[in-house]
Amino acid sequence: MVDKERIERAVAEILQAIGEDPNREGLRDTPARVARMYEEITSGYLDDASKHLAKTFAEQGGELVLEKDISFSSTCEHHLMPFFGKVHIAYIPNGKVVGLSKLARVVEVYARRLQLQERMNAEIADAIDKELSPKGVFVVIEAEHTCMTARGIKKVGSKTVTMAKRGEFSEELKNQVLALIF
């Protein structure tokens, strides 16, 4: 899907536009490296969360499942700069559960795209809600955005927290989950 040759040409053009020589020793391989990087960090476009959530296990208990501290890195679509942090996923099964590693795979599907944290949060919650049909799902993302820490306002250490809730997830349960996360 990624046109690496086109990316290489574009990176060489950017290097020239900022006054650099793309043929100097330290930069000669940079366009190819950047093209490979973009192939990797946008690989989520070629993946589908539903395939990771397809294999389920029957479970009659309806108790909370919480997978916390799933680390991720993504790329902000506004500045093409990284943002990274942790995703916390809680759901109340409705007769079936999924292997815990599959939740981390779902995070990767959406993190490996040009993203907004708010959209990524909703996409993860929607995928779990659609594929597992749980009684409820609650997804929390906390992330540091380099577009805010390395440029612009330069507020290192600041974090953005977003939440998405689907289904039957009471305020009391939401607060219990937040206490377990933070």
Side-chain angles (χ1 to χ4, degrees), residues 40-44 47-57 59-182:
E40 179 182 339
I41 67 174
T42 62
S43 63
D47 204 351
D48 182 1
S50 64
K51 82 175 187 187
H52 299 294
L53 297 170
K55 173 81 170 139
T56 61
F57 305 95
E59 178 56 48
Q60 294 312 309
E63 300 299 321
L64 177 76
V65 175
L66 171 61
E67 182 72 18
K68 64 184 234 176
D69 296 333
I70 303 168
S71 62
F72 78 94
S73 64
S74 191
T75 306
C76 169
E77 69 179 35
H78 293 156
H79 297 98
L80 298 182
M81 292 187 72
F83 68 98
F84 53 90
K86 296 176 182 176
V87 177
H88 315 284
I89 300 172
Y91 73 98
I92 305 165
N94 191 14
K96 60 184 174 180
V97 295
V98 67
L100 296 176
S101 69
K102 304 309 184 200
L103 297 175
R105 290 189 189 283
V106 169
V107 170
E108 284 302 300
V109 167
Y110 295 110
R112 296 291 179 202
R113 300 175 181 188
L114 299 182
Q115 267 301 4
L116 297 176
Q117 180 175 331
E118 299 89 340
R119 180 188 321 120
M120 186 172 112
N121 207 146
E123 288 172 332
I124 293 167
D126 289 342
I128 293 166
D129 191 48
K130 177 182 177 200
E131 299 302 323
L132 298 183
S133 301
K135 293 176 184 172
V137 64
F138 183 45
V139 179
V140 178
I141 300 177
E142 53 180 320
E144 187 168 327
H145 293 251
T146 61
C147 58
M148 202 174 124
T149 62
R151 57 155 301 281
I153 193 84
K154 296 184 183 97
K155 295 299 178 192
V156 176
S158 62
K159 292 212 167 58
T160 301
V161 177
T162 55
M163 298 179 225
K165 182 175 76 159
R166 307 288 184 266
E168 302 168 22
F169 222 95
S170 70
E171 274 304 302
E172 180 184 350
L173 186 54
K174 178 181 147 186
N175 290 335
Q176 288 173 353
V177 169
L178 289 172
L180 288 168
I181 292 171
F182 301 109

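Quick caveat: nothing in here was measured; it's all calculated off a predicted structure.
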Q | Pair R105-E108, salt bridge (charged side-chain N to carboxylate O under 4.0 Å, His left out): steps then yes or no | A | CA-CA 5 Å; R105 290 189 189 283; E108 284 302 300; over 6 Å; no
With sequence neighbours left out, the residues meeting side-chain hydrogen bond (donor to acceptor under 3.5 Å, both in side chains) with E142 are H88
d(F84 CZ, K159 NZ) to nearest 0.5 Å is 7.5 Å
Taken to the nearest 0.5 Å, the spacing of L132 CG from N94 CG works out to 10.0 Å
Shortest non-hydrogen pair, A127 vs L53, comes out as O-CD1, 3.6 Å
T146 and P82 have their tightest heavy-atom pair at OG1-O, 2.6 Å
Here the gap from H78 atom NE2 to L114 atom CG, rounded to the nearest 0.5 Å, amounts to 10.5 Å
- Query: Are K96 and E131 close enough, and set up right, to give a salt bridge (charged side-chain N to carboxylate O under 4.0 Å, His left out), and what steps lead you there?
  - Reply: CA-CA 10 Å; K96 60 184 174 180; E131 299 302 323; over 6 Å; no
On a heavy-atom basis, the closest approach of V156 and T149 is CG2-O, 3.6 Å
For F169, the ring pair (Phe, Tyr, Trp, His ring centres under 6.0 Å) test, sequence neighbours excluded, returns F138
* Asked: So V87 and L103, side-chain contact (heavy atoms from CB on, under 4.5 Å) or not? Walk me through it.
  -> CA-CA 10 Å; V87 177; L103 297 175; over 6 Å; no
Correct closest heavy-atom pair for Y110 and A49 would be OH-CB, 3.5 Å
Between A90 and L66, the two heavy atoms sitting closest are CB-CD1, 3.9 Å
Between the CG atom in D47 and the CZ atom in R112, the distance rounded to the nearest 0.5 Å is 11.0 Å
All heavy atoms of P93 vs all of E63, minimum pair found to be CD-O, 2.9 Å
Distance col, row L180:CG vs L64:CG, nearest 0.5 angstrom, shows 7.5 Å
Rounded to the nearest 0.5 angstrom, the OG-CG distance for S74 and L116 is 9.0 Å
Inspect the surroundings of NZ in K155 and state if more than 12 heavy atoms from other residues, nucleotides or ligands are less than 6.0 Å away. no
Residues 114-126 vs side-chain hydrogen bond (donor to acceptor under 3.5 Å, both in side chains), sequence neighbours excluded, gives E77-R119, Q115-R119, Q115-E123, Q117-H145, Q117-T162, N121-T162, D126-R166
Exercise. Side-chain contact test, heavy atoms from C-beta onward, threshold under 4.5 Å: evaluate it for V107 versus I89 and give yes or no.
Key: yes
